[in-house]
Amino acid sequence: MTLGIDEPDARGRTGLDQVGRDLTGNPDVVVRDVELLASAWHVLRRTTIDVRDADGAWSTQVRETYDRGDGATILLYDAERRTVLLTRQFRYPAYVNAHPDGLLIEAVAGLLDDDGPEDAIRREAEEESGHAVGSPEFLWSIYMSPGSVTERVHFFAAPYSAATRVSAGGGVAEEGERIELVELDVDAAVAAIGTSILDAKTIMLLQWAVLSGPFARG
């Protein structure tokens with residue numbers, strides 16, 4: 001018996017080695033085998049595929065994929081005051097890969113879990129920022145690191161103000177979240193890209209905001 005295959009893992013999942021075996025959308029790619037490497041929380045797989053080249057020759061390749069589920073993110077903005085509401089929290093993967101203290105400034109974000117993207121981002125916005133966003137504007141769904149990570153992130157935007165605040169925010173303490181709110185002038189936030197703002201989803205949202213979003217200049 002193997003956890004995550006024929007015995008439930010810590011999240012109650014089985015059959016994790018079956019994902020991808022039924023893919024037929026690309027006639028030049030045939031999935032031959034899927035091996036489950038880890039499923040402690042997210043899922044790491046090694047998949048063997050046959051790939052047909054442009055000259056018709058087939059070759060066998062091996063790909064590892066990290067499946068953490070899909071996520072959602074949102075830019076909270078105040079168009080009148082020209083501010084954005086971001087978060088600061090500790091990110092160990094950044095800390096272990098050359099970030100000085102691991103504290104990243106980011107847009108509100110989180111995994112979907114069992115919710116749809118819009119419901120998930122409403123939940124995350126309230127938990128992290130303390131603001132109820134109503135009906136957020138959907139922007140796009142993006143593959144963030146398609147060379148190895150399966151995740152798509154669904155991007156949203158919504159206004160915030162004193163009227164939308166319903167709690168102090170700060171994240172869910174029981175889940176180890178310690179989130180600080182950071183309100184910035186949007187021009188200062190854009191100027192900080194590449195220095196104090198190093199998170200890809202946040203950079204994408206800020207660029208949207210000034211190019212075609214609420215801070216775009218006509």
Side-chain angles (χ1 to χ4, degrees), residues 40-42 44 66-78 81-113 115 117 120-131 133 136-160 164-165 167-211 213-215:
W41 187 250
H42 306 312
L44 181 64
Y66 185 61
D67 183 355
R68 61 193 301 273
D70 288 348
T73 185
I74 190 168
L75 182 68
L76 299 174
Y77 64 87
D78 185 326
R81 296 170 56 233
R82 292 188 59 81
T83 60
V84 291
L85 188 61
L86 305 175
T87 68
R88 182 186 286 115
Q89 59 184 306
F90 177 72
R91 297 297 200 184
Y92 180 75
Y95 186 45
V96 78
N97 190 23
H99 192 281
D101 59 13
L103 293 171
L104 291 189
I105 296 175
E106 305 178 39
V108 167
L111 294 177
L112 301 188
D113 295 326
D115 291 329
I121 204 57
R122 285 198 198 98
R123 179 195 71 224
E124 293 296 331
E126 187 167 337
E127 289 178 357
E128 293 191 7
S129 75
H131 286 268
V133 299
E137 177 185 0
F138 173 74
L139 302 178
W140 345 271
S141 297
I142 303 292
Y143 292 96
M144 297 297 290
S145 186
S148 58
V149 181
T150 63
E151 180 186 31
R152 285 189 306 164
V153 175
H154 306 277
F155 284 68
F156 294 87
Y160 77 96
T164 62
R165 177 173 287 282
S167 74
V172 181
E174 293 78 8
E175 297 178 2
E177 294 182 334
R178 302 291 185 273
I179 297 173
E180 175 190 355
L181 295 179
V182 180
E183 185 176 62
L184 295 173
D185 174 87
V186 67
D187 295 321
V190 171
I193 291 173
T195 55
S196 58
I197 295 182
L198 301 170
D199 173 65
K201 64 182 180 293
T202 306
I203 293 170
M204 294 165 69
L205 284 167
L206 289 172
Q207 290 178 334
W208 164 82
V210 297
L211 291 174
F215 305 110

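Within the 4.5 Å cutoff, the side chain of Glu151 has heavy atoms near those of the Leu111 side chain. Between Val108 and Ile179 there is no side-chain heavy-atom pair separated by less than 4.5 Å. Using a 4.5 Å heavy-atom cutoff, the side chains of Phe215 and Val190 are not in contact. Annotation: side chain of Phe155 is not in contact with side chain of Trp208 (no heavy-atom distance under 4.5 Å). Using a 4.5 Å heavy-atom cutoff, the side chains of Val133 and Thr164 are not in contact. Between Val149 and Met144 there is no side-chain heavy-atom pair separated by less than 4.5 Å. A 4.5 Å side-chain heavy-atom check between Leu112 and His154 finds at least one atom pair inside the cut-off. At a threshold of 4.5 Å between non-hydrogen side-chain atoms, the residues Glu180 and Leu103 do not count as touching.
For the pairing with Leu181, the side-chain contact (heavy atoms from CB on, under 4.5 Å) check across Leu76, Leu86, Thr87 returns one residue only, Thr87.
One distance of note links CD1 of Ile203 with CD of Glu106; it measures 11.0 Å at 0.5 Å rounding. Remark: Met204 CE to Ile142 CD1 distance equals 4.5 Å, nearest 0.5 Å. A distance of 14.0 Å separates CD in Glu127 from CZ in Arg122, rounded to the nearest 0.5 Å. Between the NE2 atom in His99 and the CG atom in Leu198 there is a gap of 5.5 Å [rounded to 0.5 Å].
Between Phe138 and Phe156, the angle of the ring planes goes over 60°, which puts this pair in the perpendicular group of the 30/60° scheme. The aromatic rings of Tyr95 and Phe90 sit perpendicular to each other, their planes meeting at more than 60°, with 30° as the lower class boundary.
Considering all non-hydrogen atoms of both residues, Leu75 and Ala209 come closest at CD2-CB, 3.6 Å. In terms of heavy atoms, Ile74 sits closest to Pro136 at CD1-CB, 3.8 Å. His42 approaches Asp67 most closely through the heavy-atom pair CB-O, 3.4 Å. Heavy atoms only, all atoms of each residue included: Val84 and Ala189 are closest at CG2-CB, 4.1 Å. Summarising the geometry of Val186 relative to Val210, their closest heavy-atom pair is CG2-CG1, 4.0 Å, with the distance given to 0.1 Å.
Under the 4.0 Å criterion applied to side-chain N and carboxylate O atoms, Arg91 and Asp199 are not assigned as salt-bridge partners.
With sequence neighbours excluded, the residues satisfying side chain to side chain contact (heavy atoms under 4.5 Å, CB included) with Asp78 are Glu80, Arg81, Thr83, Tyr160.
Panel note: side chain Arg68, backbone Asp70; no donor-acceptor pair is recorded below 3.5 Å. For Thr202 (side chain) and Ala107 (main-chain N/O), a donor-acceptor pair under 3.5 Å exists by modelled atom type.
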